[in-house]
Amino acid sequence: EKGGYKHFMLKEIMDQPNAMRNALRGRIYQPADVPDKWEIKLGGLEKAKEGLSADGISPLERMANASRLIFAACGTSWHSSLIAKYAFEKLAGVAAEVEYASEFRYRKPLICRSDCLIAISQSGETADTLEAIKMAKQHQALTIGVVNVVGSSIARETDAGMYLHAGPEIGVASTKAFTCQVVALLLMALRLGKQRGVLSETTLNSYCAALNSVPDSIEKWLAALTDQTRIVSKYFRLATNAIFSGMGIHFPVALEGALKLKEISYIHAEGFPASEIRHGGITLIRNFVPVICVAMRSDPAYEDMKQMVQDFRAKDAAVVVLTDDGNTDFSNIAHFTLHCPDTKLELQPLMCCIPLQLLSYYIADMRGCSIDQPRNLAKSVTVE
Ligand code: F6R
């Protein structure tokens with residue numbers, strides 16, 4: 001069942017190119033007769049569920065007219081929501097907020113009819129996320145589900161949505177569901193950007209072409225990346241603390257890297273927006289502390305990030321940098337540099353999270369941890 005892999009988690013990491021292709025299949029395509037033209041079709045949003053379309057308005061049209069989007073999720077799915085916020089603001093020009101479902105449901109959030117709540121969940125059974133949906137419905141907001149498990153409670157409870165088609169995720173630590181959530185949310189942001197007239201045809205086409213080629217880029221990269229991350233993992237396997245840092249759309253990537261590491265290796269880890277470390281967390285930076293930095297050149301905050309990497313190194317931290325293919329800016333600064341395939345900024349998290357998943361996996365394996373079933377942790381949290 002593990003397809004020759006030692007753990008489901010590793011199988012699921014390696015399965016990501018295929019899982020992403022499944023998430024894209026039928027939704028993004030090139031009309032036969034027009035070169036360089038791309039279309040996005042999201043069946044679950046363009047047609048309302050039966051009984052819900054009395055006014056003839058599709059969920060997509062309602063989303064396009066929404067005054068704001070509210071993403072509600074937990075854990076890893078909360079991280080993909082944060083990535084989505086950057087993408088929806090930039091590509092669809094719509095205000096977006098991200099909420100921990102468990103925090104949202106216990107306050108009195110101001111929700112109005114023109115809001116759209118987007119619930120993100122692998123299992124579709126997370127109790128807090130389900131409750132957030134019910135609250136949004138009470139206020140007559142539109143509810144959209146982005147869910148992996150077909151027919152799950154969240155899929156049934158929401159007005160419309162998208163399935164991930166990532167296939168079953170068995171490892172407790174989420175990997176392929178995370179990347180497929182990001183793929184689905186990028187598709188949704190692009191489709192909404194078109195609907196709202198925010199994206200020009202040329203820009204839309206270039207994003208679609210780039211998104212469509214991400215699975216192939218990752219597939220070609222995986223073997224070499226695996227060898228590199230094993231070497232880095234050996235070096236860090238005895239750490240007790242680790243810092244992950246990134247800025248902008250890579251801040252959620254840093255949070256996800258930290259969550260994966262603490263989840264399966266039990267090493268304490270924190271994710272920071274790089275500059276924010278100056279406001280307190282910097283006291284944790286000392287000799288031998290692993291600091292994993294995402295520093296992509298397309299990032300508007302790249303120069304700041306580079307400065308922070310230099311600061312970390314000056315404090316004798318053990319610095320790992322994830323950066324672009326061919327970038328030599330860190331050759332004399334970082335202890336290890338991992339080069340990610342090029343793509344557009346908003347798609348870059350899909351690449352950058354892979355080395356972090358592998359790093360956690362190999363570190364946990366070298367520490368002899370119970371990778372597919374970490375202590376105290378359930379695959380789906382249905383209790384409140
Ligand atoms: C992390 C992890 C959890 C889940 C969280 C939400 O690897 O698996 O943090 O992401 O419990 O679960 P879903 O997405 O099923 O709602």
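Counting starts at 1 for both ligands and their atoms, in listed order.
For Arg62, there are no salt bridge (Lys or Arg N to Asp or Glu O under 4.0 Å) partners, not counting sequence neighbours. A search for salt bridge (Lys or Arg N to Asp or Glu O under 4.0 Å) contacts involving Asp15 returns Lys176, not counting sequence neighbours.
Residues Lys90 and Tyr207 approach most closely at NZ-OH, 4.1 Å, considering heavy atoms.
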Return a table of donor-acceptor pairs under 3.5 angstrom between the side chains of residues 188-196 and protein atoms on other chains or two or more places apart.
residue	atom	partner	partner atom	Å
Arg191	NE	Glu46	OE2	3.3
Arg191	NH1	Gln195	OE1	3.0
Arg191	NH2	Gln195	OE1	3.2
Lys194	NZ	Glu39	OE1	3.4
Arg196	NE	Ala92	O	2.7
Arg196	NH1	Ala64	O	2.8
Arg196	NH2	Gly93	O	2.8

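Residue-environment remark: CG (Asp36) stays at or below the threshold of 12 foreign heavy atoms within 6.0 Å.
The side-chain tip of Arg367 does not point at the ring of Tyr266 from less than 6.0 angstrom away and within 45° of straight on.
Among protein residues, Cys74, Gly75, Thr76, Ser77, Ser121, Gln122, Ser123, Thr126, Val172, Ala173, Ser174, Lys260, Glu263 come within 4.0 Å of ligand 1, judged on heavy atoms.
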